[in-house]
2 protein chains.
Amino acid sequence: MSQDIPFPIGDLPHPAREDLVLAQVLFALSDPARLAIVAQLVAGPVDMARCQLQDPSIAKSTKSHLMRVLREAGVIRNEPKGRGRRLSLRRDDLDHRFPGLLDAILASAPAVVAEPI
Amino acid sequence: MSQDIPFPIGDLPHPAREDLVLAQVLFALSDPARLAIVAQLVAGPVDMARCQLQDPSIAKSTKSHLMRVLREAGVIRNEPKGRGRRLSLRRDDLDHRFPGLLDAILASAPAVVAEPI
DNA sequence: CGGATGGTTCAACTATATTCGAACCATGAG
DNA sequence: CTCATGGTTCGAATATAGTTGAACCATCCG
């Protein structure tokens, strides 16, 4: 039961809240680049085009892959928006399944201040 | 500064508290087998010989490797004891560097009841 | 309808992790 | 000392993850 998220979140598959797996979430967050992405999303949703990686030389396919790992672990949402995509933290689902986990990680993660528009 | 732990903990190298890296800790805990080991250590130190893995068919070299990943991430201590080794959670160091992280993970991890002696 | 822009997917390659048996080392028991 | 026990390390094999350019797809803009 509950294969993917019940209501449409865009064309990409998102795991339902009850299908999140702790080890998978931890793995997704075990990479500094992915951790930095998550830190950027704490303040709120970010358009993918505006979400920068530390290393600007990274290929866009790689960036897309980073987002995929986070999405498939249930850490972020990735929904179409206009001609681009909008990324957001699935904080509610994470907090519900793993209370305190995200807070603890974010508190220890290097702060990433969102680039002003 | 502070390469390894300042006081002797056995012959194996252990990272000092201030050298623990969040991403590395998360990675160490992102494997179900390692997560289960940690869960076993919550109740207190365990002799390695008594610390069982779910899959009993796993080679001892593999078990040793699992312990190494956890040790190198600073999650567990591994000190000589008699002719064997004693494993323990570095809860104090983890709590100090990443407050709430271990609690959150353990609360969400599948409980592993220690085998009675 | 054409571009142009922004992302995903694919296939191939590289890099890193896992797993194992064998060899080795240390300790405690006899 | 000698042996058995319990673990680590090594090297090789396998598996999984990361990275990339090219191809593709969708949306907006003109």
Side-chain angles (χ1 to χ4, degrees), chain A residues 4 8-14 21 23-37 40-41 45-73 75-88 117, chain B residues 4 8-14 21 23-37 40-41 45-73 75-88 117:
Chain A
D4 278 337
I9 275 203
D11 46 350
L12 301 173
H14 291 68
V21 175
Q24 197 178 351
V25 170
L26 295 178
F27 178 80
L29 298 175
S30 71
D31 176 61
R34 290 192 294 256
L35 206 44
I37 291 170
Q40 287 183 57
L41 298 184
V46 175
D47 287 353
M48 183 156 180
R50 306 196 59 75
C51 178
Q52 318 221 54
L53 306 179
Q54 297 92 318
D55 181 355
S57 70
I58 218 152
K60 68 174 178 174
S61 54
T62 302
K63 184 177 176 184
S64 188
H65 178 69
L66 291 172
M67 299 305 178
R68 182 207 264 253
V69 174
L70 287 168
R71 171 177 52 81
E72 289 181 342
V75 176
I76 68 174
R77 261 180 293 263
N78 181 342
E79 36 189 347
K81 180 200 175 190
R83 98 181 86 183
R85 292 200 158 261
R86 188 170 102 131
L87 308 172
S88 56
I117 306 189
Chain B
D4 279 337
I9 276 205
D11 46 350
L12 301 173
H14 290 68
V21 176
Q24 196 177 352
V25 170
L26 295 179
F27 177 80
L29 298 176
S30 71
D31 176 61
R34 290 192 294 255
L35 205 46
I37 291 170
Q40 286 182 59
L41 297 184
V46 174
D47 288 353
M48 183 156 179
R50 307 197 59 74
C51 177
Q52 317 221 56
L53 307 179
Q54 300 91 314
D55 181 355
S57 71
I58 219 154
K60 68 175 179 174
S61 54
T62 301
K63 183 177 177 183
S64 188
H65 178 69
L66 292 172
M67 299 305 177
R68 182 207 263 254
V69 174
L70 288 168
R71 171 177 53 81
E72 289 180 342
V75 177
I76 68 173
R77 260 181 293 262
N78 180 344
E79 37 190 348
K81 181 200 174 191
R83 106 183 78 183
R85 292 196 159 262
R86 188 170 103 133
L87 307 173
S88 57
I117 308 187

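Not measured: the values here are computed from a predicted model. Order of the sequence lines sets the chain letters (A, B, ...), proteins ahead of strands, with each chain counted from 1.
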Heavy-atom closest contact (B/Met67 atom, B/Cys51 atom, distance)
CE-SG, 3.9 Å

Is B/Arg71 reaching over with its side chain to a backbone N or O of B/His14, donor-acceptor style, under 3.5 angstrom?
no

Using the side-chain heavy atoms of B/Ser64, tell me which of these nucleotides is nearest: C/dG7, D/dT9, C/dT9.
D/dT9

Interatomic distance, B/Arg50 CZ vs D/dT5 C1' [rounded to whole Å]:
15 Å

So, is A/Asn78 close to the C/dG7 phosphate, meaning a side-chain N or O under 4.0 Å from OP1 or OP2?
no

State whether A/Arg68 places a side-chain N or O below 4.0 Å from either non-bridging phosphate oxygen (OP1 or OP2) of C/dT9.
yes

State which residues pass side-chain hydrogen bond (donor to acceptor under 3.5 Å, both in side chains) with A/Arg85; sequence neighbours excluded, sorted by chain then number.
A/Asp11, A/Asn78

Would you mind reporting whether B/Arg77 and B/Pro45 have side-chain heavy atoms less than 4.5 Å apart?
no

How close do B/Arg34 and B/Ala28 get, counting heavy atoms only, and between which atoms?
NE-O, 2.7 Å

Interatomic distance where CG belongs to A/Leu70 and P belongs to C/dT8 [whole Å]:
12 Å

Tell me: CG of B/Leu53 to P of C/dT18, nearest whole Å?
14 Å

Heavy-atom contacts, protein to nucleotides 14-30 of chain D, under 4.0 Å, summarised as B (base), S (sugar-phosphate only) or - (none) per nt, yield ---SSBBBB----BSS-

For atom CD of A/Glu72 and atom P of C/dT8, their distance in whole Å:
12 Å

Quick one, B/Leu70 and B/Leu87 - any side-chain contact, counting heavy atoms below 4.5 Å?
no

May I ask you to say what A/Met67 touches in the nucleic acid, namely base, sugar-phosphate or nothing, with a heavy-atom cut-off under 4.0 Å?
nothing

